[in-house]
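Just so we're on the same page: letters track the sequence lines, and every chain starts at 1.
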Amino acid sequence: MAVTTIANHEVHVDDEGFMTSYDEWDEEVGAALASQIGIDMTEEHWRVVKFLREDFKDQGETATIRRVSTVGGIPTKELFVLFPKKPAKKMAYVAGLPKPKGCV
Amino acid sequence: MTTTETAPAVVPDFGDDAEERKICFICSKGNLDMAYPALIMANGALTEGAEVDIFFTFWGMDMINKGTWDKLQFSMLGNTAMHMPGSSKHIPQGLGGLPGMTGYATKMLKKQIADLDVPEVPEFLQMLHDMGARLWACKMSVDMMGLTKDDMYEGVEDIINVNEFIELSSGAQVIFV
């Protein structure tokens with residue numbers, strides 16, 4: 001596990017660059033993570049990220065795409081537009097959370 | 001402002017520039033337990049950014065036939081991996097043939113799947129379709145079973161013959177279930 005600087009915040013990350021400490025994340029860090037993977041955060045992006053953060057706090061694991069859609073109320077199609085190609089991993093990365101473990 | 005001890009930021013490789021991966025699934029079974037493998041793998045493939053086609057043939061037609069897609073069943077018969085719940089003790093094969101056992105086994109399996117928040121087949125197919133999967137029905141099976149496109153889930157692109165399937169799966173990884 002390494003410490004790196006993102007948006008002037010020192011944060012812990014794993015080998016791939018995913019953050020590993022829930023509390024080191026804030027919106028400034030989230031926006032910087034997004035821009036590193038070519039995503040400009042909009043209100044819709046924040047809605048997804050905030051749901052993921054809240055849900056993680058309750059459940060202790062990162063929500064899958066299905067959960068974001070059924071519990072978070074954000075349609076699957078939209079997730080593929082907001083976080084193209086690999087939405088599950090990308091939205092977890094921006095939210096400072098581990099990759100989702102669930103299969104569906 | 002920045003400290004010298006911190007490592008440079010590592011950005012995950014999401015493979016955005018990688019060549020598009022293409023995976024085709026063939027669904028040939030209409031048993032409840034055999035419907036799920038392709039659906040789950042297709043879901044994984046789509047969320048990994050792959051292009052996905054699913055070809056339904058023979059008994060797999062029951063997965064897209066609106067008259068049957070919510071009535072798929074699971075039988076214990078012929079499945080020697082059936083155990084008593086929470087135990088490694090096998091259930092005798094003969095029990096699977098008793099009246100009502102298929103209904104019971106189906107109910108149990110559906111519950112276990114639902115407990116994991118995995119959707120039933122119709123909703124699963126709609127979800128995959130929303131994610132961009134293309135669904136195809138097999139011409140020979142349609143003719144054999146006397147079906148038309150009206151009998152099928154609206155998300156099915158078309159009825160195609162095997163040559164068209166071979167053509168569209170060119171360069172793809174093909175997984176037969």
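Using a 4.5 Å cut-off between heavy atoms, A:Asp14 does not touch chain B at all. Of the two parts of A:Thr70, only the side chain, counted from C-beta on, holds a non-hydrogen atom closer than 4.5 Å to a non-hydrogen atom of chain B. With a 4.5 Å cut-off on non-hydrogen atoms, B:Asn43 touches chain A through its side chain but not through its backbone. Contact annotation for B:Glu123: only side-chain heavy atoms (C-beta onward) come within less than 4.5 Å of a heavy atom of chain A.
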Residue pair B:Asp13, A:Lys89: steps toward the salt bridge (Lys or Arg N to Asp or Glu O under 4.0 Å) verdict: CA-CA 10 Å; B:Asp13 178 14; A:Lys89 285 182 181 171; over 6 Å; no
Stepwise side-chain contact (heavy atoms from CB on, under 4.5 Å) check, B:Met127 with A:Lys77: CA-CA 9 Å; B:Met127 185 171 88; A:Lys77 262 185 192 169; over 6 Å; no
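Using a 4.5 Å cut-off between side-chain heavy atoms of Ile, Leu, Val, Met, Phe, Trp and Tyr, with links allowed through other members, B:Ile160 and B:Val156 fall into different hydrophobic clusters. If you chain together hydrophobic residues whose side chains sit under 4.5 Å apart, B:Val177 and B:Leu168 never meet in one group. Hydrophobic clustering, with ILVMFWY side chains joined whenever heavy atoms are under 4.5 angstrom apart, groups A:Leu52 together with A:Val11. Connection of B:Phe25 to B:Phe165 is not established within any shared hydrophobic cluster, with ILVMFWY side chains joined at heavy-atom distances below 4.5 Å, either directly or through further cluster members. No continuous path of ILVMFWY side-chain contacts below 4.5 Å connects B:Ile54 to B:Ile26, so the two sit in separate hydrophobic clusters.
Taking a 6.0 Å sphere around NZ of A:Lys86, one finds it holds more than 12 heavy atoms contributed by other residues, nucleotides or ligands. The 12-atom threshold is not exceeded at CG of A:Asp40, counting heavy atoms of other residues, nucleotides or ligands nearer than 6.0 Å. Other residues, nucleotides and ligands contribute at most 12 non-hydrogen atoms within 6.0 Å of the CZ atom of B:Arg21. For CG of B:Asp70, the number of neighbouring non-hydrogen atoms (other residues, nucleotides, ligands) closer than 6.0 Å is greater than 12.
Between atom CE of residue B:Met131 and atom CG of residue A:Leu79 there is a gap of 9.0 Å, rounded to the nearest 0.5 Å. Rounding to the nearest 0.5 angstrom, the gap separating the CD atom in A:Glu16 from the CZ atom in B:Phe14 is 8.0 Å.
Listed here is the closest heavy atom pair of B:Pro119 and A:Arg66: CD-NE, 3.3 Å. Residue A:Tyr93 comes nearest to B:Val10 through the heavy atom pair OH-O, 4.2 Å, listed as atom of the first residue, atom of the second, then distance.
Counting heavy-atom pairs under 4.5 Å between each of B:Leu116, B:Leu39, B:Leu46 and chain A puts B:Leu46 at the top.
With salt bridges taken as basic N to acidic carboxylate O contacts below 4.0 Å, one links A:Lys85 and B:Glu20.
In this structure, the side chains of A:Val104 and B:Phe124 come closer than 4.5 Å at one or more pairs of heavy atoms.
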